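Below, chain A is the first sequence line, B the second, and so on; all start at residue 1. Note that the coordinates shown come from a computational prediction; the quantities given were computed from them, not determined experimentally.
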Amino acid sequence: MPDALLARAAQQLPVASLYLFKRGSPLTLDRDEHLATIEAIHTGLAGLNYISNEQIATAVFLAYHLDKPVLIEGPPGVGKTELAKSVANMLGISCIRLQCYEGLDESKAIYEWKYGKQLLYTQVLKETLSEILDGAKGLSESVSKLHEFGDVFFSEEFLEPRPLMKALKEEAGCVLLIDEVDKSDHEFESLLLEMLSDYQLSIPEIGTIKANPDRKPLVFLTSNNTREISDALKRRCLHLYIPFPDADLESRIVQARVPEVPEELRRQLVTFIQALREMDLKKVPAISETIDWAKALILLHTESLDAELVKQTLNVILKFQEDIESVTGEVQMLTNKALKGS
Amino acid sequence: MEKTIVDFVKVLRTAEVKVSPAETLDVMAGIEFVGYEDRALFKNTLSMLLAKNPEEKETFETCFEKFFTFDDVMQAPGSGGNPDDTQDSDAFEDENSGNNPQGQPGGKGSGQGSGNASEAADEAHDDEETPQPTSALGQLLLQGSRSDLMVAMAEAGRAVEVNQIVVFTQKGLYTRKIMDQMGLKGLQEEITERQEAGDRGQQRLAGKLKRARDQLRDQVRDYVEKQFFLHADEHGKQLREELLKKVKLSNLEKRNHKDVQEIVFKMAKKLVSIHSKRRKTHKRGQLDIRKTLRHNMQYDGVFFDLKWKSIKVDRPKVMCICDVSGSVSNYSRFLLMFLYSLAEIIPKVRSFAFSSDLGEVTRLFQNSNLEDAMAKTMRDYGNGSTDYGQMLEDFKRNCMDDVDNKTTIIILGDARNNHGDPKAEILREMYEKSKRVIWLNPEPRSNWLVGDAEMKKYGPNCHQTEVCNSLTHLERVVSNLLKYAA
């Protein structure tokens, strides 16, 4: 049994996850077992270096068992997108991503007819056409003869599936990530509703495409809250808010992501970042910046924070010149605090 | 339990968390998977399914804590102080555990004969046979567990519909009702009976029951008070808000200002969420050649898909001229408050204040908080008799050059010019240069032509004249401002 599973998993895994697979991550478990309990989700995600809190794990658990999409909100850089990718990795299924932007429409999100191919085929088949119509007299007769062939040019062969449709057609299930849904237009939100509540899409020329009822895609939507998402969409989703982590969680995240950082330094830099978040900045550093900074400090062979070094690497964590200027004055004080706090 | 969830949803709704019936159903389905045992898990589940933005999450948090927590009931309820009970203070679990607690203390009661030390000593006096209470409530009080009692209280509360409580003074009534529902009458009868019996053991039991009864009364009162805060308080607040929205702004008293400010922010937030998306209107009938060409390259240059020109609706550029003389100042105050709360979607507001001389106060409002800015404006411009002619002249001299065909000019005032020269021709000039001139007048339309009012001359030189004397009016004006900003 496990062998069969292994084979199946190996076939579908992208290269990156295969690597993880070899390292002995718990991929031998079946999907259901991974999502059976909240603890299993915790450990599963932790195995992929994604440290989740109670809310996150509960959201994944409920999403699977209630067949509901998850709408993730929170400040940038707290791991919203990463969560979806990690879940896909954990379950060993593919992650289909749809990046939203202003002007995204159904031809980019759901499907498109391959006009070029249709054109080409009509050109090529022109001569065959006259053979088919051979002997037909008058317009009505030839039209009725053509009708016998059905809608050849509007069949699945001429359909170019886009992310949403791809996700539905994935027999083994998949994770569908609809990224930054707040960047899309209002109309697009309404377009998503059918997909999100019933896991199906209607295409006028073909009919309704439904997901495999046992393996519905797990849908994650992320939003940066640049605008309010419509109530209709919210109603269909679980709402997960990921805030900035507290010191303890952030320390664990850094440990998981950058294990080379010595414990001492890790505590210092987490304390420093936490203090920065208290300040009045244009853009406060997120977890991703903390991780980047930790990596940078490792490259510089740092053992312990000092004011000079912090000043030089400030551009890793702060992305506005204004912020950098306002923080530079405080660096000495913040560094001392971080050193003392650890 | 379903009833409890429904009740909780009701509480959320009164606290302005929008919950649809479908979401309530989702919660039921969700609970089937997570169960009630783990309080944190239960809470997370509910939070995810019911509260769908950060503000709602916060409200949810407080509501949940209020609704699903009960104080330690019956710290030392007679002899029934089962030590285990002190640990599970989680109400939802308790509500689940006792199915029919009212009638039968059952298994739990029997194992609790010897309670704490003092009680034990007490009982040592006559350990042959302590009489047992016979009334249902008496049994519950002395033998049932804390949680059983809590459940009984909650159920009685539900039976008398304590969630219908509206005003503070109803607390006594509901306390009484709940006590009655729980079987107070039976208990009273038993107490009198036992007191009259004369036997020492009987009398002691009667005393014990009495004490327990008084304790219970306190708890029920407490429970009712909590229910009041949960169900009625928010309701009262909503009523007040509705009222404040409609009241004439000049009649508002100082103590209401804070409430009104809150309402203004709330309304502004609503407007922001409605209008935050920049709309496009399609200019029908005009082909966008560039877009069409580019888009149809993929089809070999065959024009399958035509693209039409569309224009983006611009954010309005607002100039707001406010009369700040005594009678109208309150209106100006709230108009400015409204406009500056909308900074997110109307970034370009310039504001001017006058009673006779016009002065720009844009800076003031941007840099200091509303109260200070308003006070300073009043100090600097508030005195003197109103002179609209002077105001228009000043405007022409200082700002006319900045007016372009994208500017909306809002003038707020009663147009009472103290019989001075109205200089309506300047307003005419503004009318021609700007996109729109809106005149907001706090007086009812019938007074517009009475006495020294000059609306007759100003009116025709405005695109729009509106009566505006309450928050509802203000909201409508501002909303229109955004909607027709094309």
**OP:** Count the heavy atoms belonging to other residues, nucleotides or ligands that lie under 6.0 Å from OH of A:Tyr121, then report whether that count exceeds 12.
**Re:** no
**OP:** Spell out the residues in residues 56-69 of chain A that have some non-hydrogen atom less than 4.5 Å away from a non-hydrogen atom of chain B, in order of number; otherwise answer 'none'.
**Re:** A:Thr58, A:Ala59, A:Phe61, A:Leu62, A:His65, A:Leu66, A:Lys68
Subject >> Worked check of side chain to side chain contact (heavy atoms under 4.5 Å, CB included) between B:Asn53 and A:Lys234 >> reply: CA-CA 9 Å; B:Asn53 65 39; A:Lys234 276 189 173 173; 3.6 Å; yes
Original post:
Non-hydrogen atoms of chain B under 4.5 Å away: do they reach the side chain of A:Gln55, the backbone, both or neither?
Top reply: both
Original post:
Atom CD of B:Glu56 and atom OH of A:Tyr241: how far apart are they, to the nearest 0.5 Å?
Top reply: 14.0 Å
Original post:
Just wondering, more than 12 heavy atoms not from B:Lys291 lying within 6.0 Å of its NZ?
Top reply: no
Original post:
Between A:Ile229 and chain B, which part of the residue has a heavy atom less than 4.5 Å away: side chain, backbone, both or neither?
Top reply: neither
Subject >> Within residues 76-83 of chain A, residues adjacent to chain B where the heavy-atom gap is under 4.5 Å >> reply: none
Subject >> Residue A:Lys210 excluded, over 12 heavy atoms near NZ under 6.0 Å >> reply: no
**OP:** Could you tell me the separation between the CZ atom of A:Arg235 and the NZ atom of B:Lys18, rounded to the nearest 0.5 Å?
**Re:** 12.5 Å
Subject >> Largest heavy-atom contact set with chain A, pairs under 4.5 Å, which of B:Thr45, B:Val302, B:Val34 >> reply: B:Thr45
**OP:** Answer yes or no: does atom CD of B:Glu58 have more than 12 heavy-atom neighbours from other residues, nucleotides or ligands under 6.0 Å?
**Re:** no
Subject >> Under 3.5 Å: donor-acceptor pair, side chain of B:Lys52, backbone of A:Cys237 >> reply: yes
Subject >> B:Lys43, part contacting chain A, at a heavy-atom distance under 4.5 Å >> reply: neither
